[in-house]
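Accompanying notes for the structure given below.
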There are 2 protein chains.
Amino acid sequence: MSTRTPSPKPARQAPRSARAAGAHAPAAVDERYAEELKLWVVLSRAHAAVGRHSEADIARHGLSSAEFGILEALYHKGPLLLGDLQRRVLVSSGGTTFLVDRLEKKGLVAREACPNDRRARYAVLTGAGRALIRRIFPDHAAAIARAVGGLTREERRAATKLLRTLGRAAAEADGGEPG
Amino acid sequence: MSTRTPSPKPARQAPRSARAAGAHAPAAVDERYAEELKLWVVLSRAHAAVGRHSEADIARHGLSSAEFGILEALYHKGPLLLGDLQRRVLVSSGGTTFLVDRLEKKGLVAREACPNDRRARYAVLTGAGRALIRRIFPDHAAAIARAVGGLTREERRAATKLLRTLGRAAAEADGGEPG
DNA sequence: AGTGATTATCTCATTGCTGAGATATGAATC
DNA sequence: GATTCATATCTCAGCAATGAGATAATCACT
């Protein structure tokens with residue numbers, strides 16, 4: 001994985017322009033939201049770090065993260081309209097079509113008509129799809145559990161609560177709130 | 001934005017196969033790691049929700065998230081080796097070259113030789129780059145602050161601490177630890 | 001039943017990004 | 001000073017994913 005190179009850090013000399021007096025002095029406003037920015041940074045890093053574990057586990061089975069998400073959603077929720085699937089897996093509309101197409105080609109998912117609404121289509125697991133997700137899901141759950149194992153049970157509970165609140169508030173503030 | 005469609009949910013009839021007796025009954029193992037999985041889910045959702053705010057703000061200035069990340073890193077840290085930049089912005093090696101190329105074309109960043117190591121190159125902000133990031137950073141910080149405003153200061157502090165612990169532990173467990 | 005607004009899915013051009021390998025330099029050993 | 005291994009960046013082919021627009025069906029009203 002070329003993204004991560006845990007290398008030793010030989011102290012190198014900074015280039016001329018870096019040493020030019022105060023060349024990159026950050027503005028005072030930086031202090032103002034430092035705490036909020038820090039939260040955003042650690043949120044991103046934690047997500048990336050855990051996500052790396054998740055994807056590494058999923059990739060072993062020849063699936064992408066999004067594909068796995070679809071199989072998992074169908075496994076636990078039963079047949080879903082493509083739109084519901086889209087919202088659940090956090091992917092674009094085109095992406096949903098693309099992913100379901102591919103899973104269909106792999107024989108893991110099928111489309112089914114919705115009796116009430118002929119615009120809509122259900123995605124459903126095939127027998128092979130159900131068998132696959134049933135087989136790999138436990139390992140995946142264990143991999144995630146290891147990935148978040150750096151927190152104690154109590155800490156995980158607290159983190160879950162905070163993140164749920166944070167996520168909900170951020171999602172709702174999408175429109176644009178008054179300052 | 002077609003990714004998100006906050007639509008009302010008319011109750012539709014599930015297709016036949018969904019009602020077939022226990023067709024998608026989840027396995028018992030699902031309970032075992034439910035708490036850890038939940039944490040991963042809310043972490044992903046919170047990250048996506050806040051990230052949406054971040055990207056919406058950055059896009060207003062014609063920059064991608066990764067481009068902004070580079071400018072921001074150079075602004076606060078001064079000139080950085082491309083490798084350091086890569087680690088900081090969480091992008092692949094090829095991506096770093098690509099992004100710095102593009103920022104160079106935009107006249108915001110320049111490459112500079114490293115006097116000690118002729119393999120290495122520094123990325124440095126140009127005058128225009130520094131002016132740009134200095135102009136847009138405060139707004140961006142404010143946007144992030146709004147996005148995470150669903151938590152109180154005390155909650156943010158707690159969340160930051162937990163996420164830092166979580167991220168570090170997950171990153172270190174990359175190799176593969178004994179069960 | 002007809003009209004228009006809304007909703008669901010699909011199409012497709014574009015693109016950002018990855019990751020393996022190439023190239024070039026540096027450090028260490030003989 | 002040659003050789004070998006490690007490191008830093010760049011090249012490039014390939015692909016997943018986006019998002020605007022097309023198509024089709026439904027709903028709300030008259």
Side-chain angles (χ1 to χ4, degrees), chain A residues 1-13 48 51-52 55-56 58-59 62-70 80-106 109 111-123, chain B residues 1-13 48 51-52 55-56 58-59 62-70 79-87 89-106 109 111-123:
Chain A
M1 187 184 297
S2 66
T3 297
R4 292 174 42 74
T5 312
S7 59
K9 290 235 192 170
R12 283 202 196 70
Q13 185 186 38
R52 217 144 29 222
E55 294 202 0
I58 291 171
L63 293 173
S64 76
S65 222
E67 285 177 314
F68 182 88
I70 287 181
L80 288 174
L81 295 176
L82 293 187
D84 291 337
L85 209 45
Q86 173 185 340
R87 257 160 256 129
R88 181 165 275 270
V89 182
L90 297 180
V91 81
S92 69
S93 60
T96 307
T97 299
F98 174 76
L99 287 165
V100 172
D101 277 354
R102 195 167 51 185
L103 288 169
E104 214 167 9
K105 271 177 205 135
K106 289 185 185 178
V109 159
R111 283 180 169 89
E112 228 174 86
C114 173
N116 305 16
D117 186 341
R118 282 189 306 181
R119 292 169 304 179
R121 321 262 253 126
Y122 280 99
Chain B
M1 186 184 300
S2 65
T3 297
R4 291 173 42 76
T5 313
S7 61
K9 289 234 193 172
R12 283 204 196 69
Q13 186 185 34
R52 217 145 27 222
E55 295 202 359
I58 291 170
L63 294 173
S64 76
S65 224
E67 286 177 313
F68 181 88
I70 288 180
L80 289 174
L81 294 176
L82 293 187
D84 291 336
L85 209 44
Q86 172 185 340
R87 259 161 255 129
V89 181
L90 297 179
V91 83
S92 70
S93 61
T96 307
T97 298
F98 173 77
L99 287 165
V100 172
D101 277 354
R102 196 167 50 183
L103 288 169
E104 213 166 11
K105 273 176 204 136
K106 290 184 183 178
V109 160
R111 283 180 168 89
E112 229 173 85
C114 173
N116 306 14
D117 185 343
R118 282 189 307 181
R119 293 169 301 178
R121 323 260 252 125
Y122 281 98

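Chain identifiers are assigned alphabetically (A, B, ...) following the order of the sequence lines, protein sequences preceding nucleic acid strands; residue numbering begins at 1 within each chain.
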Using nucleotides 12-17 of chain D, report all nitrogen or oxygen pairs with the protein that are shorter than 3.5 Å.
from, atom 1, to, atom 2, distance (Å)
D:dA16, OP1, A:R102, NH1, 3.1
D:dA16, OP2, A:R102, NH1, 3.3
D:dA16, O5', A:R102, NH1, 3.1

Round to the nearest Å and state the distance from [X] atom [atom1] to [N] atom [atom2].
| X | N | atom1 | atom2 | answer |
| --- | --- | --- | --- | --- |
| B:E67 | C:dG16 | CD | C1' | 10 Å |
| B:L81 | D:dT7 | CG | C1' | 12 Å |
| A:R121 | C:dT11 | CZ | C1' | 14 Å |
| A:L85 | C:dT9 | CG | P | 9 Å |
| B:E104 | D:dT9 | CD | P | 13 Å |
| A:D101 | C:dT11 | CG | C1' | 11 Å |
| B:L90 | C:dC17 | CG | C1' | 14 Å |
| A:R52 | C:dG19 | CZ | P | 11 Å |

Original post:
Listed by chain and number, what are the salt bridge (Lys or Arg N to Asp or Glu O under 4.0 Å) partners of B:E104, not counting sequence neighbours?
Top reply: B:R111
Original post:
Among all residues two or more places apart in sequence or in another chain, which pass the salt bridge (Lys or Arg N to Asp or Glu O under 4.0 Å) test with A:R102?
Top reply: A:E67
**OP:** Taking the side chain as every heavy atom from C-beta outward, state whether A:L63 and A:K106 have any pair of such atoms under 4.5 Å apart.
**Re:** yes
Subject >> Close side-chain approach of B:R121 and B:L81, heavy atoms under 4.5 Å >> reply: no
**OP:** Measure the spacing between OG1 of B:T96 and CZ of B:R87 and express it to the nearest 0.5 Å.
**Re:** 9.5 Å
Original post:
Got a second to check how far A:D84's CG is from A:R88's CZ, nearest 0.5 Å?
Top reply: 8.5 Å
Mind listing the closest non-hydrogen atom pair of [X] and [Y] along with its distance?
| X | Y | answer |
| --- | --- | --- |
| A:I58 | A:S64 | CG2-O, 3.6 Å |
| B:Q86 | B:V91 | CG-O, 3.1 Å |
| A:A113 | A:Y122 | O-CD1, 3.9 Å |
| A:A66 | A:V89 | O-CG1, 4.0 Å |

**OP:** Could you name each residue pair satisfying salt bridge (Lys or Arg N to Asp or Glu O under 4.0 Å) that touches residues 90-99 of chain A, not counting sequence neighbours?
**Re:** none
Considering only nitrogen or oxygen atoms on both sides, find all protein atoms under 3.5 Å from nucleotides 24-27 of chain D and state each distance.
from, atom 1, to, atom 2, distance (Å)
D:dT26, OP1, A:R118, N, 3.1

Original post:
For the helix from C:dA1-D:dT30 to C:dC30-D:dG1, how many degrees between its two end axes (five pairs per end), to the nearest 10°?
Top reply: 30°
